[in-house]
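Here is the naming used below: chain letters follow the sequence lines, and residue numbers restart at 1 for every chain.
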There are 2 protein chains.
Amino acid sequence: MFILYLNLMKKKTTIYDIAKEVGLTAATVSRALNNNPKISEKTRKLVQETAKKMNYEQNTLARALKSGKSYNVGVIVPRMDSNFFASVIRGIEEELYPKGYHVIICQTHDQENLETGNINSLLNAQVDGILMSISNAKSKSNVFDSIAQKKVPLIFFDRKKEIPGVSSVTIDDFNGAYQATKHLIEQGCKRIAHLSNNRSLEIFKNRYLGYKQAIIDHGLEFDESLVIETFSKVLEGRKTVKKLLKMKNPPDAIFSSSDFSALGAIQEIKDHGLRIPEDISVVGFSNEPFTKFMELSITSVDQSPIEMGRIAAKVFLKEVDSKTPKKESEKIVLQPELIIRDSSLKVKSEASA
Amino acid sequence: MFILYLNLMKKKTTIYDIAKEVGLTAATVSRALNNNPKISEKTRKLVQETAKKMNYEQNTLARALKSGKSYNVGVIVPRMDSNFFASVIRGIEEELYPKGYHVIICQTHDQENLETGNINSLLNAQVDGILMSISNAKSKSNVFDSIAQKKVPLIFFDRKKEIPGVSSVTIDDFNGAYQATKHLIEQGCKRIAHLSNNRSLEIFKNRYLGYKQAIIDHGLEFDESLVIETFSKVLEGRKTVKKLLKMKNPPDAIFSSSDFSALGAIQEIKDHGLRIPEDISVVGFSNEPFTKFMELSITSVDQSPIEMGRIAAKVFLKEVDSKTPKKESEKIVLQPELIIRDSSLKVKSEASA
DNA sequence: AAAATTAATGTAATCGATTACACAAGTATA
DNA sequence: TATACTTGTGTAATCGATTACATTAATTTT
């Protein structure tokens, strides 16, 4: 009986409990806790100290219901076990946690139905904003309409889609690819293949275009048959390179739009008894940690993911706090950095001379 | 003016709007939507169809406030850019999404203050449960007391701490380590070193104990100087192995409690011009994808992380739905599987004969 | 046909915090 | 001293959904 009583007593303290304790009303307590300037210093102190004594904690659900804000933000990524996305998320967290937001992470595994489902359930969970990297640019856009309708800020990072009024934070994929390809050309490569990917996504289209432009700008012949669309998976990279090596006139370099397929490429090349980088040079994209730790380290393009996440979060904060519904969308483009490693370095850099 | 009006009209439809539309009360609408048996078939249909027509969506915050459930579950991991934790989370999601729960993921980066902070903010966000892998077993347990006080189900996975009444899902680390060590012995290794880790965590203590027992059971000399505590990082593995190789009587095998330090070990061994597995065999732990994809693939212990996540989620569901406050805690232990690869396979298996 | 059930819906309180508006007491101004 | 501000609190509605407890109408039982 006594235990039961104690049990019931464990209910969370509310502002009403505090009000009763200090002999004021809940309204005053609420104002005191929120540092409303209309409250006298004496009352504020009394209330805040009593609140602490009584282990008061604000019921965020009630606040959310009243204010219409949940302080939850949805983040949607294709997958989170790649260092790139994990790092973007870390950047977002670093920026948002100090402001009292929580982050709900969803993975689409590149499936459109999961993407749509995630968006809907995030909206339903009353998130205050959605930061996402889309999986498929061809997906029906009515989900995006419903985000807009609810006036939930939407920010794209890395993989975006052109939607009027929606901000984005991306890297200059064209330039990253251009640099990578130029580097291969400078190493003496003449027939550079490109492992592309779903080009309905801007990132892959731009990597393709940057690659192509570098080839053309340096007077090499652009051969469309050296461009193959594949997936960002080790085994897919292997399969694709197997095909390339069967050509009568095989490539002497591979620029992959993904580190994972670059790794597969390297495995396949070695299996064919060819040397890297002497016979075939390889460059990947994303600077995943393994590229550095391989026995044969892989040249790759760094995308500064943590910074990308932080900036995306900052854009969200700006949009969510702005009272003006007529927001201008921001398009922020970061510059990538080519990290040169074993898999492509044939010529000693002039710097070492 | 008209646009402003349309804008205001965009407010979400509530059960009151539906009630007005069909000429009933909100209570009836609520019941009809929840398939309460007291509602007539005709009304139920009418209400549900009207709801659909009006694009009604339940306000989860209101439901949460009333019911005391947020349908959010917190998941705390040291980091999520390891395949192991990412996969556990995927398993949790697979089990929880269909039940209408959302998952809030927090990372501790192995810092105690972040761990405590995450727990507090999850509790404050009214999560219905916390699934976690602890970072530091020595951390003050008052945070755990506050979880218990709030009657929020807590389930440990992988890295647990002994707390009365708290369930856990782990793997048999002792056995995993025993199998790995036994395998090395069967390959002819005599001086097996162990890259250990913070042994205040049960997982690392048990891997150490399994290793030790296998050594003893097979009549080898147990040499404490071959056990070195390090961190689950590539560079830490390198550093540690550098020390081991300087010994007057260096090891002929390394059993690492982590794939990452195993990778560092391999790099360091190769840098010393030694052959793997001929001179030194290496076995890791966790079966991270890279262990399979390395040029020299790495033998490792698989922990079936997706299953671990699914089971942890199921335990949570059972606890959260149980009305009985006197819950028995469950301790579920999964069996690991040794995956033998290049880094330790000197002797051709008899099966191939 | 009166009494007792059953079925379907309505009334109103509730979850906890916020806030527009009202009001009283104190201070400043004319 | 009467009038006009301040300052600090209280009152009560609100956010949207749920649910114990009426209440009414329809059906069954005796």
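Nearest-nucleotide positions on DNA chain D for B:T60 and B:K38 put B:T60 closer to the 5' end. In this structure, B:A62 and B:E41 both approach DNA chain C, and ranking their closest nucleotides by distance from the 5' end singles out B:E41.
The distance between atom NZ of A:K66 and atom P of C:dT19, rounded to the nearest whole Å, is 6 Å. Per the geometry, NZ belonging to B:K42 stands 13 Å off C1' belonging to C:dT9, to the nearest Å. Nucleotide C:dA8 holds its C1' atom 14 Å from the CG atom of B:L46, rounded to whole Å. For A:I39 and C:dT18, the CD1 to P distance is 13 Å, given to the nearest whole Å. Nucleotide D:dC21 holds its C1' atom 14 Å from the CG atom of B:N36, rounded to whole Å. The CD-P distance, from B:E57 to D:dA17, rounds to 11 Å in whole Å. Atom P of nucleotide D:dA17 and atom CG of B:L33 are separated by 9 Å, given to the nearest angstrom. Distance CD1 (B:I18) to C1' (D:dA17): 11 Å, rounded to an integer number of Å.
Residue-level contact check: A:S67 touches neither bases nor backbone, having no heavy atom under 4.0 Å from any strand. Residue contacts for B:T14: at a heavy-atom cut-off of 4.0 Å it reaches the sugar-phosphate backbone alone, with no base atom in range. Contacts of B:L61 with the nucleic acid, taken as non-hydrogen atoms under 4.0 Å apart, are absent. B:S30 comes within contact range of at least one nucleobase, with a heavy-atom separation under 4.0 Å.
Between the CG atom of B:N72 and the CD1 atom of A:I104 there is a distance of 5.0 Å, given to the nearest 0.5 Å. Here NZ of A:K38 is found 12.0 Å from OG1 of A:T28. Values are rounded to the nearest 0.5 Å.
Using a 4.5 Å heavy-atom threshold, the side chains of B:V169 and B:F156 count as separate.
Salt bridge annotation for A:E94-A:R90: present, with a cationic side-chain nitrogen under 4.0 angstrom from a carboxylate oxygen.
Under the 3.5 Å distance criterion, with hydrogens and angles disregarded, a donor-acceptor pair is assigned to the side chains of A:S135 and A:T108.
Side-chain proximity of B:L65 to the nucleotides C:dG16, D:dC21, D:dT18 is greatest for C:dG16. Of the candidates D:dT9, C:dT9, C:dT19, C:dT9 carries the atom nearest the B:T28 side chain, counting heavy atoms from C-beta on. Closest contact between the side chain of B:I15 and the listed nucleotides C:dA17, D:dA17, C:dA8 involves D:dA17. If you check D:dT18, C:dT19, C:dG16 against the side chain of B:Y16, the one that comes closest is D:dT18. Listed candidates were D:dA20, D:dG8, C:dT19. Nearest to the side chain of A:R31 is C:dT19.
Phosphate contact (OP1/OP2 of D:dA17, side-chain N/O of B:N34, threshold under 4.0 Å): absent. An OP1 or OP2 oxygen of C:dC15 is reached within less than 4.0 angstrom by no side-chain nitrogen or oxygen of A:N59. Listed pair A:T25 / D:dT9 fails the phosphate criterion, with no side-chain N or O lying under 4.0 Å from OP1 or OP2.
Remark: A:K99 fails to qualify as a cation-pi partner of A:Y101 under the 6.0 Å distance and 45° angle criteria applied to the six-membered ring.
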